[in-house]
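Take a look at the structure below.
Chain letters run A, B, ... following the sequence lines, proteins first and then strands; every chain starts at 1. Values in this document were obtained by computation on a predicted structure and should not be read as measured data.
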Amino acid sequence: MFALVDANAFYCSAERIFDPALRNKPLVVLSNNDGNAISRTDEAKALGIRMGQPAHELAPLRRQGLVLRSANFALYGDISARVVDVLREHAPALEVYSIDESFLDVRGIHHVIPWCDRLRARVHRHTGIPCAVGIGKTKTLAKLGNRLAKTSGGVCQVSSSDSALATFDVGDVWGVGSAFGKHLAAHGIHTAAQLRDASGDLIRQIGGVVLARTQRELQGHPCLALEESPPSPKQIMVSRSFGQRVSDVDALAQALSTFAQRACAKLRRHGLTTAAIGVFFSTDSFRPEMPQYHPSATIGLAHPTDDSRDVLAAVFAALRQRFRPGYAYKRAGVILYDLAAVADRQPDLFRQPVQSSPLMSHVDAINARFGRNTVTLASSLVHGMAPAWSMRQAARSPLYTTRIDQLPHARC
DNA sequence: TCTGGGGTCCTAGGACCC
DNA sequence: TCTGGGGTCCTAGGACCC
């Protein structure tokens, strides 16, 4: 038996913790660059705002009281960790599934619905985050239960024979996206109940083993287990759209250097090394009338590394190979592939074993203590004004919980 | 003016091996 | 004159998730 604890409008709820004036107001949190809506409160949904709706369409709604906030992922990450801490205190076993969702193993818990209700209340009291809990024999059923719980009092259990399955659009089932949804509809399968009852061969044919597994889960046969320890990542990517388009190679190099160093810091946090570096940059695909160019390159390293300097050399080599003047670039990124822990690497017959650079651990320690860009490689150094490529964030809340100088003030 | 970022898994097909 | 069987690895593309 699984329970899925899912925060309601998580990013918006996190914003409301330290800014009570936002409570009961329509609120939307925007993606990086203030691009589009990524979290909406019920009040905002009532204004007809869609997930992913572009920000420029939302601006006029401010006259109706809509508040827009830039994304503050440092805050959301910290609040998420606090929610998980509370869950961990009470749940026998737990899988952190995403920034705002955790699966709990609730086998053996008596009176599971009131137990989940108390858990919700505790999370709310200790973190200020409201959540809903779905319960089911499989993760897929718990997911459906969670959908119901959002609108029906906070906790909801769903079984495979539940009549509610006929009320769910097949596209609402976890694992059924728009492509499978269309395919299923073409075969007359429109609801979760119809997917549950369809021919197994047909489902296998439409969506392979993945969709077949989803069907089995709907029938109440667990196919997906609780994964308590997150697997080590297989790739690490840092990419951004730019606040403004840039054309010169120096600006692009500065952005890529920043992204590469951030990716390497993540790499070292996981205790991994990389042996292949991917670099891409691209013009604005939303401006088809402008000249388009979307180059990418992957550079294999002779020797695995976790040193930002080695990675940066590869990134710049790729940039030199692919850069063409005369284009306005809008987006770029760095991807680290072929990751492995130092200890798991095949030793090189002709070299000393891979070792983490002491310089890099000092850099990481300084940045952890004094803030992200206290020490960087010179190629990402920014003088004075924010560069053109940096993100637009017109309305970001303070880093209330992760920066000592931005702690909220309490009035006496 | 305007449209995010970061991942995973599966499958098919080709190259290559003995 | 004929031309097997069994496998691995890699890549690209497509699907999904939050």
Side-chain angles (χ1 to χ4, degrees), chain A residues 4-11 28-40 49-60 68-73 76-77 80 95-103 139-140 143 146-147 170-184 203-214 217 223-224 227 230-245 259 262-263 266-267 270 276 278 280 282 284-288 290 296 298 300 328 330-339 388 390-394 396:
Chain A
L4 174 66
V5 181
D6 183 327
N8 304 343
F10 177 58
Y11 299 159
V28 162
V29 170
L30 300 172
S31 62
N32 279 338
N33 273 315
D34 294 341
N36 49 2
I38 56 171
S39 180
R40 307 157 297 156
I49 295 167
R50 300 183 313 277
M51 197 66 169
Q53 196 168 347
H56 65 96
E57 294 178 17
L58 303 180
L68 300 175
R69 278 272 193 273
S70 303
N72 184 349
F73 288 110
Y76 311 149
S80 172
E95 169 187 344
V96 177
Y97 176 67
S98 74
I99 193 163
D100 68 335
E101 290 170 80
S102 291
F103 284 106
K139 285 180 163 180
T140 304
K143 271 276 195 182
N146 194 274
R147 292 284 296 238
V170 73
D172 291 340
V173 175
W174 188 43
V176 181
S178 60
F180 287 166
K182 270 186 204 135
H183 216 134
L184 290 166
I203 298 307
R204 181 81 160 76
Q205 188 197 315
I206 291 174
V209 296
V210 178
L211 194 59
R213 216 143 48 194
T214 296
E217 287 244 316
C223 302
L224 304 167
E227 291 180 27
S232 178
K234 298 182 174 161
Q235 62 176 58
I236 290 173
M237 166 156 73
V238 175
S239 74
R240 290 285 180 280
S241 293
F242 300 153
Q244 293 165 50
R245 291 181 282 266
F259 303 161
R262 212 163 284 169
K266 278 194 210 181
L267 182 75
H270 287 284
F280 65 88
S282 66
D284 192 344
S285 52
F286 292 107
R287 286 283 166 279
M290 300 175 78
S296 69
T298 303
K330 179 64 178 172
R331 181 178 153 75
V334 172
I335 312 175
L336 309 181
Y337 300 107
D338 195 356
L339 309 184
S390 61
M391 275 197 289
R392 274 192 311 273
Q393 285 205 310
R396 203 199 63 197

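The listed nucleotides are B:dG5, B:dG6, C:dA15; the one nearest the side chain of A:Arg331 is B:dG5. Closest to the A:Met237 side chain, of the nucleotides B:dT3, B:dG6, B:dT8, is B:dG6. Considering only the side chain of A:Asn32, B:dG5 comes nearest among C:dC16, B:dG5, B:dG7. In the set C:dA15, B:dT3, B:dG5, B:dG5 carries the atom at the smallest distance from any side-chain atom of A:Ser239. With B:dC2, C:dC17, B:dG6 as the choices, the nucleotide that has an atom nearest any side-chain atom of A:Tyr97 turns out to be C:dC17. For A:Arg240, whose side chain is taken as the heavy atoms from C-beta onward, the closest listed nucleotide among B:dC2, B:dG4, B:dG6 is B:dG6.
Looking at heavy-atom distances under 4.0 Å, A:Glu101 makes contact with sugar-phosphate atoms alone, never a base. Within 4.0 Å (heavy atoms only), A:Arg287 reaches at least one base atom of the nucleic acid. Contacts of A:Ala55 with the nucleic acid, taken as non-hydrogen atoms under 4.0 Å apart, are absent. Residue contacts shown for A:Asp34 are absent, as no nucleic acid heavy atom lies under 4.0 Å away. Within 4.0 Å of A:Lys182, counting heavy atoms only, lies no atom of the nucleic acid at all. Residue contacts for A:Ile236: at a heavy-atom cut-off of 4.0 Å it reaches the sugar-phosphate backbone alone, with no base atom in range. Across all strands, A:Val173 comes closer than 4.0 Å only to sugar-phosphate atoms, never to a base (heavy-atom distances).
In terms of modelled atom types and a separation under 3.5 Å, the side chain of A:Arg396 and the main chain of A:Ser70 share no donor-acceptor contact. One N or O on the side chain of A:Asp34 and one on the backbone of A:Ala394 form a donor-acceptor pair closer than 3.5 Å. In this structure, the side chain of A:Lys330 engages the main chain of A:Phe242 through a donor-acceptor pair within 3.5 Å. Side-chain N or O atoms of A:Ser39 include none that pairs as donor or acceptor with a backbone N or O of A:Val29 at under 3.5 Å.
In terms of heavy-atom proximity, A:Lys266 sits nearest to A:Met237 at NZ-O, 3.7 Å. Nearest approach of A:Phe73 to A:Ile38, heavy atoms of both residues: CZ-CD1, 4.0 Å. Pairing each heavy atom of A:Trp174 with each of A:Thr214, the nearest pair is O-CG2, 3.6 Å.
Between A:Ser241 and B:dG5 there is a side-chain N or O to OP1 or OP2 distance below 4.0 Å. Between A:Arg262 and B:dG6, a side-chain N or O to OP1/OP2 separation shorter than 4.0 Å is absent. Residue A:Lys143 places none of its side-chain N or O atoms closer than 4.0 Å to OP1 or OP2 of C:dC16.
Paired regions of DNA chain B, where each region holds three or more successive Watson-Crick or G-U pairs whose two hydrogen-bonding distances fall under 3.5 Å, are B:5-18 with C:5-18.
Atom CD1 in A:Ile335 sits roughly 10 Å away from atom P in B:dG6 (whole-Å rounding). Computed from coordinates, the A:Ile99 CD1 to B:dG5 C1' distance equals 12 Å when rounded to whole Å. In this structure, A:Glu57 places its CD atom 9 Å from C1' of B:dT3, rounding to the nearest Å. Note: CG (A:Leu339) to C1' (B:dG6) measures 14 Å, nearest angstrom. A:Leu211 has its CG atom 9 Å from the P atom of C:dC16, to the nearest Å. Following rounding to the nearest Å, A:Glu217 (CD) and C:dC17 (P) show an atom-to-atom distance of 13 Å.
For A:Met391, the side-chain contact (heavy atoms from CB on, under 4.5 Å) criterion is met by A:Asn32, A:Asn33, A:Arg240, A:Gln393, not counting sequence neighbours. The side chain to side chain donor-acceptor pair (under 3.5 Å) check on A:Asn36 picks up A:Ser31, with sequence neighbours excluded. Checked against side-chain contact (heavy atoms from CB on, under 4.5 Å), A:Ser285 has the following partners two or more places apart in sequence or in another chain: A:Gln292, A:His294. For A:Asn146, the side-chain contact (heavy atoms from CB on, under 4.5 Å) partners at least two apart in sequence or on another chain are A:Leu4, A:Asp6, A:Ala132, A:Lys150.
Across the C1' atoms, B:dC17 and C:dG4 are found 14 Å apart, a figure rounded to whole Å.
Residues A:Arg245 and A:Ser232 both approach DNA chain B. Their nearest nucleotides, taken by heavy-atom distance, put A:Arg245 toward the 5′ side.
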- Base versus backbone protein contacts along nucleotides 9-14 of chain B [heavy-atom cut-off under 4.0 Å; B, S, -]: SSS---

